[in-house]
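I have placed the structure first, in the form of C-alpha cells, so that the comments after it can refer back to it.
Numbering of ligands and ligand atoms starts at 1, following listing order. Nothing fancy with the numbering, it's 1 onward along the sequence.
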Amino acid sequence: MKISEILARSGQPFPSIEIVPPLKGISKEELLSSIQPLMAFHPPFINVTCHRDEIEFRPEADGSWSRHSVRRRVSETAVCAAIQARFPQVEVVPHLIGAGMTREMMDSQLYDLAFMGIENVLALRGDCLTGEKRFTPEPGGYRYASELVADIRRFEKAQGASFCIGVGAYPEKHFEAPNLEMDIENLKRKVDEGADYVVTQMFFDNAVFYAFRDKCVSAGIHVPVLPGLKPLSTARQVEMLPESFSLDIPKALAARVVAHADDKAACYEIGAEWCAAQCADLLKNGVPAVHFYTMGKSDNIVRILRECF
Ligand code: FAD
C-alpha cells in the first residue's frame, strides 16, 4: 500500500522507522533480529537509507594511484527484499539518491523496485563525496531532488508504474540554503513536481518543528509533514549531530548530557527521556505520524514507542 493511502486511512498517529543498511559482513539474521522488537508497535512502513559508493585511491606498484569505487554497505534494495520476505505486513520505503546517478541508472533502479512490488520511495538529492567542495551532479543526472521527483513521475507515465514519493525537509534549514524561506520555496518545488508527503530531518526542539510546519502551510505546502526524531544516545553526539546534520541541540539537553559525559547509561537514558517527551508532545499537537531514526540502535526507540504508542 502507498504511504499516502496509509496516512489518509489511519485514524490515529503511528510510528514509522528508518534503518541504515548494515556494513558488509553483517548477516541478514542479525539485521532482521535488530528490527524484530520494533514490530510489536506495528510500524506501517520502514525506510531504508541509501549510501553513495565511496571513491578510494590506491597506490600502484609503478608509483601511480588508481581510482576505485567502494561500496561499504549492503544495498538498500537487498535490505528491502529481506524485510519484505520476513515482515510482509510492513511497507518498505527505499531511499533513492540522485547523487552519483544518471537518469539511465535511476530507470534501472526504478524497474527493480517496481518488479519487487515496491510502491513507495523517498527521493533525495544526496551529498558530495568526501573531499568534494560542493555538490556536482553526474552529467545528465540530477541537480536537485525536485528533478528526481519529476523524473520518477516521467518514468511512471512511460512504464505504467506507480510510486508514492516522499521527500526530505529541514526544520532548521538545509545547510546550503541561504535562509529557511528559500529552502521552503525549494521544498515546494518538490511537492509541485509530485511529492506526496514530507519527512523532516531530526530536531530536538519541537517549537522549531511547529514554526516550520506553519511556514510550510503559509508557503502553500499542504501534503503531510512527518516529524523525524532521534534519541541522543552518547555524549559525543552533542557535538557530532550538529556538525553532521546542521542542527541545534537545545542548551538544556546538551547541559544534562555533558554533565553525565562519563556515564554512558545515564546519557542514553537522558536522550531517550527527552525524545519520549518530544514524541508525546508531537502526538498532542496533531502530527500524522512520528518517524524514528534508529541508526542501528533499537533499544531506546523500543522504550520510547512503549511509552508513547
Ligand atoms: P534538495 O531538495 O535538492 O535540496 C538541496 C539544496 O538545494 C537545499 O539547500 C535546497 O534549498 C536547494 N535547492 C533545491 N532546489 C533548488 C533550486 N531549484 N534552485 C536553487 N536551490 C535549490 N542522504 C543520503 O545520502 N542517503 C539517505 O538515505 C538520506 N536520507 C535522508 C532522509 C531524510 C528524511 C532527510 C531529510 C535527508 C536524508 N539524506 C540522505 C540527506 C540528503 O541527501 C542531504 O541532506 C542532501 O544534502 C539534500 O538532499 P535533499 O533531497 O533535501 O535535496
Donor-acceptor pairs under 3.5 angstrom involving side-chain atoms of residues 154-162: please list them, not counting sequence neighbours.
from   : atom 1 : to     : atom 2 : distance (Å)
Arg154 : NE     : Asp151 : OD1    : 2.8
Arg154 : NH2    : Asp107 : OD1    : 3.0
Arg154 : NH2    : Asp151 : OD1    : 2.9
Arg154 : NH2    : Asp151 : OD2    : 3.3
Glu156 : OE1    : Arg153 : NH1    : 3.0
Glu156 : OE2    : Arg153 : NH1    : 2.8
Glu156 : OE2    : Phe163 : N      : 2.4
Gln159 : OE1    : Tyr111 : OH     : 3.2
Gln159 : NE2    : Tyr111 : OH     : 2.8
Ser162 : OG     : Lys2   : NZ     : 2.6

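Considering backbone and side-chain N/O of Glu18, none are found under 3.5 Å from N/O of ligand 1. Between Ala145 and ligand 1, at least one pair of N/O atoms sits closer than 3.5 Å. The shortest N/O to N/O separation between Thr200 and ligand 1 does not fall below 3.5 Å.
With a 4.0 Å cut-off on non-hydrogen atoms, Leu122 touches ligand 1 through its side chain and not its backbone. Of all the heavy atoms of Tyr293, the ones lying under 4.0 Å from any atom of ligand 1 belong exclusively to the side chain. Residue contacts with ligand 1, taken as heavy atom pairs separated by less than 4.0 Å, involve Tyr170 solely via side-chain atoms from C-beta onward. Contacts between His51 and ligand 1, counted as non-hydrogen atom pairs separated by less than 4.0 Å, are absent for every part of the residue.
A salt bridge links Arg125 and Asp127; the closest N-O separation between the charged side-chain nitrogens and carboxylate oxygens is under 4.0 Å.
Applying the under-4.5 Å side-chain rule to Ile, Leu, Val, Met, Phe, Trp and Tyr, the cluster around Leu129 extends to Ile55, Phe57, Trp65.
The contact set between ligand 1 and Asp183, taken as ligand atoms under 4.0 Å from a residue heavy atom, comprises 8 (C), 9 (O), 10 (C), 11 (O).
Protein heavy atoms are found less than 4.0 angstrom from atom 45 (O) of ligand 1.
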